Amino acid sequence: MRLRIELLGVTKVASFNINGVKARLPRLLEWLEETRPAVACLQEIKSQDEGFPIAEFEKLGYKGIWHGQKGFNGVAILADGEMPEEVQRGLDGEPEDDHSRYLEANVFGLRVVCIYLPNGNPVPGPKFDYKLRWMKRLRDRMAAIRAEEVPAIVTGDFNVIPTDRDVWSPQAMASDALMQPESRDAYFRLLGDGWTDAIATHNPAGGVWTYWDYQAGAWQRDHGFRIDHALLSPELADRLAACGVDKAHRGREKASDHAPVWVELRD
DNA sequence: ATGTCGAGGGATCCTCGA
């Protein structure tokens, strides 16, 4: 019998852009066993629904829901010993949008939203326009969740570098969609609506990265930035006990280009 | 200036997306 996390008085919710669930499976299973989050939100599973290896997670005691598609994108929510109750998949407002980037569920008394926000490069262009429209649609949905006054967390790969303190070199990234003023404005509008950026709150000086490119020796040089976030509703913000980045997992063999982020919420 | 992955289609490489 595993030590139940409830005994510790906290619920750990983690997010991990895994960059391919099949390619990453050994690393992902090892991360779940070592860090044992109550809830794990996954992005970029890059798998169709029928190819998602749920049986491997069930062996570790996790249950889950997922929203995949062929080739790229795809999100999932796993929970330790409890089946997430799905609330919504996909965002309203653009019926022709067939990207699998949004999954929302109730689990462990929390509303958990797992997102993979569009990258938006190159700028300008249709992909950047899509990113900004998607952020508007996300804001609308998050406002509706706020109105429900439930303890809620929106976590995942936001593909937004919030401030210059969140990137190793603002100059090197200046033309990137991740830190355009429009991207940042849309992100800070979410915070202005009452959501708390957990990692930023606990690390006001910045310098925390969640992503290091595979190219140009970015990991070895610590050329990273912070784009994976956990946003807490007012009902949850006061319950934030700790948060962090599992940075060491980025340095392992066959690692994702992202490191997991996590929060611990007092019960 | 450049440096890498993962998936998919169709082929022992190319394209796309990041």
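First the proteins, then the strands, lettered A, B, ... as listed; each starts at 1. Here the structure is a predicted model, which means the values were calculated and not measured.
Between H229(A) and Y187(A), the ring planes are tilted. Angles from 30° to 60° get that label. Ring geometry for W66(A) versus F52(A): interplanar angle under 30°, hence parallel rather than tilted (30 to 60°).
Under 3.5 Å, the side chains of K131(A) and N159(A) contain no donor-acceptor pair of N or O atoms. For the residue pair E264(A)/T11(A), the side-chain donor-acceptor check at 3.5 Å is not satisfied. Side-chain contact annotation: T210(A) with D228(A), donor-acceptor N/O pair under 3.5 Å present.
With P as the reference atom, dG10(B) and dT15(B) are 14 Å apart, rounded to whole Å. Only the P atoms considered, dG3(B) is 15 Å distant from dC14(B), to the nearest whole Å. Distance check on atom P: dG6(B) versus dA11(B) gives 23 Å, rounded to whole Å. For dT12(B) and dG17(B), the P atoms lie 23 Å apart once the distance is rounded to whole Å.
Between the CD atom of E253(A) and the C1' atom of dT4(B) there is a distance of 14 Å, given to the nearest Å. When rounded to the nearest whole Å, the span between CD of Q48(A) and C1' of dG8(B) equals 10 Å. Between the CG atom of D213(A) and the P atom of dG6(B) there is a distance of 13 Å, rounded to whole Å. Taking atom CZ of residue R221(A) and atom P of nucleotide dT4(B), one finds them 12 Å apart after rounding to whole Å.
Heavy-atom distances to DNA chain B give each of G217(A) and G20(A) a nearest nucleotide, and the one nearer the 5′ end belongs to G217(A).
Residue A23(A) is classed as a sugar-phosphate contact, given heavy-atom separations below 4.0 Å to backbone atoms only.
For the ring-ring contact (aromatic ring centres under 6.0 Å, His included) with W219(A), the qualifying choice from W212(A), Y211(A), W209(A) is W212(A), the only one to do so. Among D164(A), D157(A), D197(A), the single residue meeting the salt bridge (charged side-chain N to carboxylate O under 4.0 Å, His left out) criterion with R226(A) is D197(A).
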Atom pairs, protein N/O to nucleotides 11-14 of chain B N/O, distance under 3.5 Å:
none

Output a table of nitrogen or oxygen pairs between the protein and nucleotides 15-18 of chain B separated by less than 3.5 Å.
from, atom 1, to, atom 2, distance (Å)
dG17(B), OP2, K127(A), NZ, 3.4
dA18(B), OP1, R101(A), NH2, 3.4

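With respect to D80(A) and R36(A), a salt bridge is recorded, a charged nitrogen being found less than 4.0 Å from a carboxylate O.
By the neighbour-count criterion of 12 heavy atoms within 6.0 Å, atom CD of E253(A) is sparsely surrounded, having that number or fewer from other residues, nucleotides or ligands.
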